[in-house]
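Each remark here refers to the structure printed beneath this line.
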Amino acid sequence: MTDHKEEIDLEIQVETMQTNHSRNSTLKVITLVTLTLQNAMVALSMRYARTRPGDMFISSTAVVMAEVVKLSVCLVLVYRTESISWKHFISILNNTIIKQPIDTLKVCIPSLVYLVQNNLLYVSTSNLDAATYQVTYQLKIFTTAVFSVLILKRKLLRHQWIALVILILGVILVQLNNSTDKTQKTYPDQNRIVGLVAALIACCLSGFAGVYFEKLLKGAEISIWMRNIQLSFVSIPIGFIMCFVTDWNNINDKGFFFGYDLYIAYLISLQAAGGLIVAMVVKYADNILKGFATSLAIIVACVFSMGNDEMKYTIEWEMGVSKFDL
């Protein structure tokens, strides 16, 4: 009788493990596909937002507002999934964030890095077309691999290093092709060198922050939503400081929400969603898979970028304007 009961318990444990594995595999696929689509949409949306006609919004304020949106969503998720009452919810936040200052301070590092990275991405997309930006930014796969070896002590196989080298060569060839392309349109308010430097620095920051955040997520029992709350509690004050340090004159003269409309609200929400999706991918997969998933976004961005260029040139020809970006 006892042996039979042990066999039943063992079967239940095996079925539970299989169910959890299947659930995690499904979540991994869903989050990877969603991240791919989100990255392609962000590249095209940011490019359009920075080149469309009309008042130009202040990019540093948009970065902060994306963090505010992400914090709001995570607070709701923690309240719905981890607490049983409002009082219990406050207690959870107090015990996790206030009473564990060392753990919260550890999150300061990726918070600051992500803020700088997001501001650099606005600079990059303002000076590069969407396809070139996406291809160049894929160097973050290489920096992620390097930091994974240094921080997480992972070992990459020879063919994986070869793939990374091929990736770097591909980026170089794309840049050389664009620099010698006489038919490519350039605009006086765009600086290709500035865009490339901003993208390369963002690659290094992305690799380090991603690996460090993965270590934080997988090294503790805190949920991904609570980790994002910790990130936001640190990054939002720093973000406001960066806003007023770098764009004080514009904010003082025009206002914090100057240039905002429904499209900018959509862009901010899209960026906030990206932060949550990345956290889920890192939790259920890893940064290497995250990098390859975002690489697939190149295809989507390139296709839509070429389509937009053709539409742009048609409108220029029909309307007789010297510059009209879509």
Pairwise distance [atom1]([X]) to [atom2]([Y]) - rounded to 0.5 angstrom:
X    : Y   : atom1 : atom2 : value
M46  : S59 : CE    : OG    : 8.5 Å
K87  : I92 : NZ    : CD1   : 13.5 Å
F256 : T61 : CZ    : OG1   : 5.0 Å

With under 30° as parallel and over 60° as perpendicular, where do the rings of F244 and F240 fit, or are they tilted in between? parallel

Would you say [Y] ends up clustered with [X] if hydrophobic residues are merged whenever their side chains have heavy atoms under 4.5 Å apart, either directly or through other cluster members?
X    : Y    : result
Y266 : F258 : no
V123 : V42  : no
I277 : V76  : no
L196 : V194 : no

Is any side-chain heavy atom of [X] less than 4.5 Å from a side-chain heavy atom of [Y]?
X    : Y    : answer
F89  : I84  : no
R192 : N127 : no
Q271 : K70  : no

For the residue pair Y263 and Y48, is the inter-centroid distance of their aromatic rings smaller than 6.0 Å? yes

Which pairs count as side chain to side chain donor-acceptor pair (under 3.5 Å) when at least one residue sits in residues 242-259, sequence neighbours excluded? S60-D247

Does Q100 form a side chain to side chain contact (heavy atoms under 4.5 Å, CB included) with N95? I'd like the steps, not just the answer. CA-CA 7 Å; Q100 297 186 41; N95 292 334; 5.6 Å; no

Taking the hydrophobic residues Ile, Leu, Val, Met, Phe, Trp and Tyr, and joining any pair whose side-chain heavy atoms are under 4.5 Å apart, which ones share a cluster with I241? V245

